[in-house]
Structure formats: structure tokens, C-alpha cells
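Treat the numbers as computed from the prediction; the structure is a model and nothing was measured. Just follow the structure's listing: the first ligand is 1, and inside any ligand the first atom is 1.
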Amino acid sequence: MAALKSLRAPDIRLAKRLVVKIGSALLVDRATGLRRDWLTALAQDVAEAKLRGTDVVLVSSGSIALGRKVLGLPDGALTLEQSQAAAAVGQIRLARAYEEVLEAHGIKTGQVLVTLEDTEDRRRYLNSRATMETLLGLGVVPIVNENDTVATDEIRFGDNDRLAAQIAVTVGADQLILLSDVDGFYSANPKEDSSAIRFDLVEKITPQIEEMAGDPISAMSKGGMKTKLLAAKTAVAGGCAMAIMEGSVLRPLTALAMGANRTWFVAKGDPQAARKRWINAMKPRGELVLDAGAVHAMTAGKSLLPAGVTQVSGTFGRGDPVAILSPEGVILGKGLVRYTAAEAKQIAGHRSSEIEAILGYPGRAALVHRDDMVI
Ligand code: GLU
């Protein structure tokens with residue numbers, strides 16, 4: 001049984017698209033500031049993953065911890081305004097540090113600051129997805145953090161564990177690694193209960209597993225086991241396996257490949273299948289009727305262009321789900337549309353090259369992109 005089980009554990013060396021979450025406590029030392037040796041070693045791990053052909057996204061905390069050190073703010077809780085100010089000062093240094101260590105390997109970086117709304121609002125979600133895809137396509141390693149200087153308490157993730165899971169699902173990653181100050185998921189808090197055991201692999205997040213997640217156990221990191229488990233739920237439902245491991249060792253990703261302690265949460269299917277499930281579960285806000293040529297192109301896996309649409313109905317905004325119908329009115333599938341209903345009505349039946357002349361601004365060539373479509 002044990003051998004069978006370990007077969008289910010993902011291998012980081014086989015990841016196609018990897019998201020790594022880096023906690024503040026790993027990156028920033030209260031007394032001495034940024035841990036440059038650790039970061040330099042992490043960059044080596046990232047460079048190796050890139051050489052293997054893995055796309056890498058880093059979700060890094062540390063802006064507040066770094067900023068408070070730079071500003072010499074006192075120990076203890078900060079006000080929201082103080083942490084936002086600290087984040088502004090810390091983030092710029094954080095991004096620069098990543099740029100420097102990765103540039104040494106010829107790797108380009110980009111800074112991506114997101115808010116909760118960017119993932120909750122479908123239109124903004126599709127936009128950030130497209131941007132991330134473009135960055136990854138260009139070989140860039142995006143360095144992601146929450147936009148702490150603008151995100152207020154009510155509208156923030158607050159912890160980068162869940163943010164990282166959301167990013168992993170947004171980019172269709174197949175593996176997410178949370179580098180943390182604990183070496184995995186335990187049956188109870190190991191600091192309080194000596195009988196606590198660490199899971200190697202969690203195949204399913206059952207109510208019993210949920211009960212085992214305690215409260216935050218580290219002073220500097222925001223997310224405790226509860227937020228990590230929430231992150232795991234988001235990731236695995238999105239077809240992304242997630243690992244929790246202790247990250248303070250130099251080159252933690254190599255350590256993971258070599259069998260370091262960790263807990264893997266097994267993914268439900270793959271990211272593409274999960275995305276299709278997500279689109280499929282949505283209620284259409286409108287309908288697009290296609291001509292025969294478009295039906296043919298669509299079933300051959302192409303995006304839906306405005307030229308192949310003969311009729312548009314319903315009231316929908318950009319990013320909303322719409323039903324896709326055959327000329328006879330049979331539902332063929334569903335997709336997220338890239339134009340509003342008013343725009344779609346104007347450009348239906350026209351070539352993509354005419355979009356700018358009709359709408360007065362350049363838009364995307366496809367009305368529904370094939371990645372956003374379920375047939
Ligand atoms: N976004 C915060 C920062 O960069 C950290 C949130 C977290 O530690 O989870 O300082």
C-alpha cells in the first residue's frame with residue numbers, strides 16, 4: 001500500500017507550471033533584514049526548473065516585514081496604515097532583490113501586484129490571466145504579491161497562502177509549493193501535541209482533515225494551517241497539486257526533489273479539466289448563434305471569431321458565460337465571452353480586422369477564446 005501511495009506523490013521535476021509561495025519568515029530576518037544567501041540559492045533552484053522547461057511563478061511575501069525593518073518601525077502590531085506604508089517601502093526592495101538574483105541566471109522577472117478583486121471579478125480575472133500567460137510565454141518569472149498599499153482590510157486576501165492558490169489556478173499551474181516554517185500538515189499542532197503525525201500525502205480533504213488544522217503557529221507569517229488548508233482546497237479543485245514544506249534550508253526545491261519532509265495534497269484531475277468544469281457550472285447570460293463554418297472551426301478546436309456569429313442575444317458583460325448555439329439552435333457548448341452584448345451585436349458577422357473601425361478601439365480577435373470554451 002505504501003508503495004502504491006507514494007506513486008501518487010507528484011515529482012517537482014516533472015512540473016509543467018510551478019507556483020512557489022515564499023513566506024516572510026524565510027526571506028526576512030527581523031535583525032538583519034533580507035536573507036540574501038537563501039534568496040540566491042532559491043534563484044538557483046528556479047533556474048534549474050526553468051532549464052527543465054518548467055514555467056515558474058513566485059508568490060512572495062515579505063514586503064511588510066522588509067519595509068518595517070527599513071523604516072525602523074517598533075516591534076509589535078502595526079496599524080493598517082503603517083503596514084501599508086511598510087509594504088510600499090518593502091515591495092520595491094523585494095522586487096529588486098528577486099530581479100538581481102534571477103538576472104544572474106539570465107532570467108527576466110516582472111512584478112505583479114494583485115488584489116482580491118482581480119480574481120473575483122471575472123473580467124479582471126481574465127485580464128490578469130492573459131497577462132500572466134503572456135509573461136510566462138516570454139520566459140519571464142512573475143514575482144507576485146498582494147497590492148498591500150491599496151488593499152484595505154475588508155477587501156484583502158491578507159495571507160499569501162490563499163493568494164498563491166488563486167494564482168496557481170489562474171495560470172493553470174499543475175504544482176504549488178508553499179515554503180513555510182512547518183514541514184507539512186500534521187494531525188494536530190506538533191508544537192503542542194507530541195503525538196501529532198505528519199501526513200506524506202493527503203488524497204482527499206475530508207471533514208476530519210479540516211478539523212486537524214489548528215490556528216496560526218508562527219509570529220511572523222500570516223497564514224496558519226487553516227489558511228494553508230483553504231489554499232489546498234482551492235488548488236486541488238483547480239487541478240493543481242499542493243505541497244507544504246519547511247523552506248529555510250538552502251535550495252528548498254532541490255530538497256523537495258530529494259525527498260525532504262513535506263505533505264502533498266493530490267489534485268483533482270488536471271488544470272484544464274478543472275477549468276472546463278468551472279465554466280460548465282456557470283449559468284449563461286446570453287446566446288451566440290453560429291453559422292456552419294464557425295461550428296466546424298469550433299469543433300476543430302479553434303477560437304470563435306465574430307465573423308462566424310449570426311445572432312447575439314441576452315445581456316452580458318465581458319468575461320460573462322454565454323451559450324454557443326448551432327444554426328438550428330442546438331446548444332453546442334459554453335464559453336466566457338470577451339465582449340459585451342452591445343459590442344458583440346455590432347461586430348457579429350464581421351472580420352476581426354474590422355473590429356477597430358466598428359467599435360472605435362482595437363479589441364481581441366476572438367469573441368470566445370478556445371481556452372475559455374467547453375464544447
Ligand atoms: N502580502 C504580505 C507581505 O508581503 C504578506 C502576507 C503573508 O505573509 O501571507 O508582507
Side-chain angles (χ1 to χ4, degrees), residues 19-30 33-35 38-39 42 57-99 109-119 128 141-168 170 176-182 213-235 242-248 252:
V19 176
V20 182
K21 184 259 173 172
I22 297 131
S24 299
L26 297 172
L27 207 55
V28 186
D29 182 283
R30 281 237 163 126
L34 193 71
R35 287 200 172 94
W38 185 87
L39 192 59
L42 180 77
V57 177
L58 301 178
V59 176
S60 182
S61 307
S63 70
I64 298 173
L66 201 58
R68 77 184 286 164
K69 168 88 182 78
V70 172
L71 294 170
L73 296 175
D75 281 349
L78 299 178
T79 64
L80 178 64
E81 291 75 15
Q82 280 176 320
S83 34
Q84 292 185 311
V89 172
Q91 182 60 36
I92 197 166
R93 293 183 185 236
L94 196 62
R96 198 167 108 209
Y98 278 103
E99 187 186 33
T109 47
Q111 175 181 254
V112 179
L113 298 178
V114 295
T115 61
L116 189 59
E117 289 158 312
D118 294 324
T119 56
S128 49
V141 171
I143 312 295
V144 184
N145 197 358
E146 180 158 20
N147 194 347
D148 289 309
T149 39
V150 300
T152 57
D153 257 349
E154 316 78 69
I155 52 151
R156 70 205 300 251
F157 277 99
D159 71 83
N160 276 5
D161 294 327
R162 284 178 309 145
L163 171 68
Q166 198 56 61
I167 293 291
T170 302
L176 164 65
I177 316 294
L178 301 186
L179 297 181
S180 163
D181 54 357
V182 273
D215 288 322
I217 53 170
S218 153
M220 211 197 274
S221 58
K222 287 260 163 42
M225 265 310 149
K226 277 219 161 79
T227 63
K228 292 190 172 42
L229 203 58
L230 284 172
K233 279 177 134 176
T234 303
M242 187 187 104
I244 301 176
M245 71 173 290
E246 211 278 324
S248 65

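For Gly62, the heavy-atom gap to ligand 1 drops under 4.0 angstrom.
Of the inter-residue distances, the one linking Leu176 atom CG with Lys21 atom NZ reads 9.5 Å to the nearest 0.5 angstrom. Here the OG atom belonging to Ser60 is positioned 7.5 Å from the CD atom belonging to Gln91, to the nearest 0.5 angstrom. A distance of 9.0 Å separates CG of Leu230 from NZ of Lys226, quoted to the nearest 0.5 Å.
In this structure, Lys228 and Met242 approach most closely via the heavy-atom pair O-CE, 3.5 Å. Scanning all heavy atoms of the two residues, the minimum distance from Val112 to Pro142 falls at CG2-CB, 4.2 Å.
Considering backbone and side-chain N/O atoms, Ser63 comes within less than 3.5 Å of an N/O atom of ligand 1. Between Asn160 and ligand 1, a contact under 3.5 Å exists for at least one N or O pair.
Near Ile64, meaning under 4.0 Å from one of its heavy atoms, ligand 1 places the atoms 3 (C), 10 (O). Close contacts of ligand 1 with Asp148, meaning ligand atoms under 4.0 Å from a residue heavy atom, involve 1 (N), 2 (C), 3 (C), 4 (O). Near Asn145, meaning under 4.0 Å from any of its heavy atoms, are these atoms of ligand 1: 1 (N), 3 (C), 4 (O).
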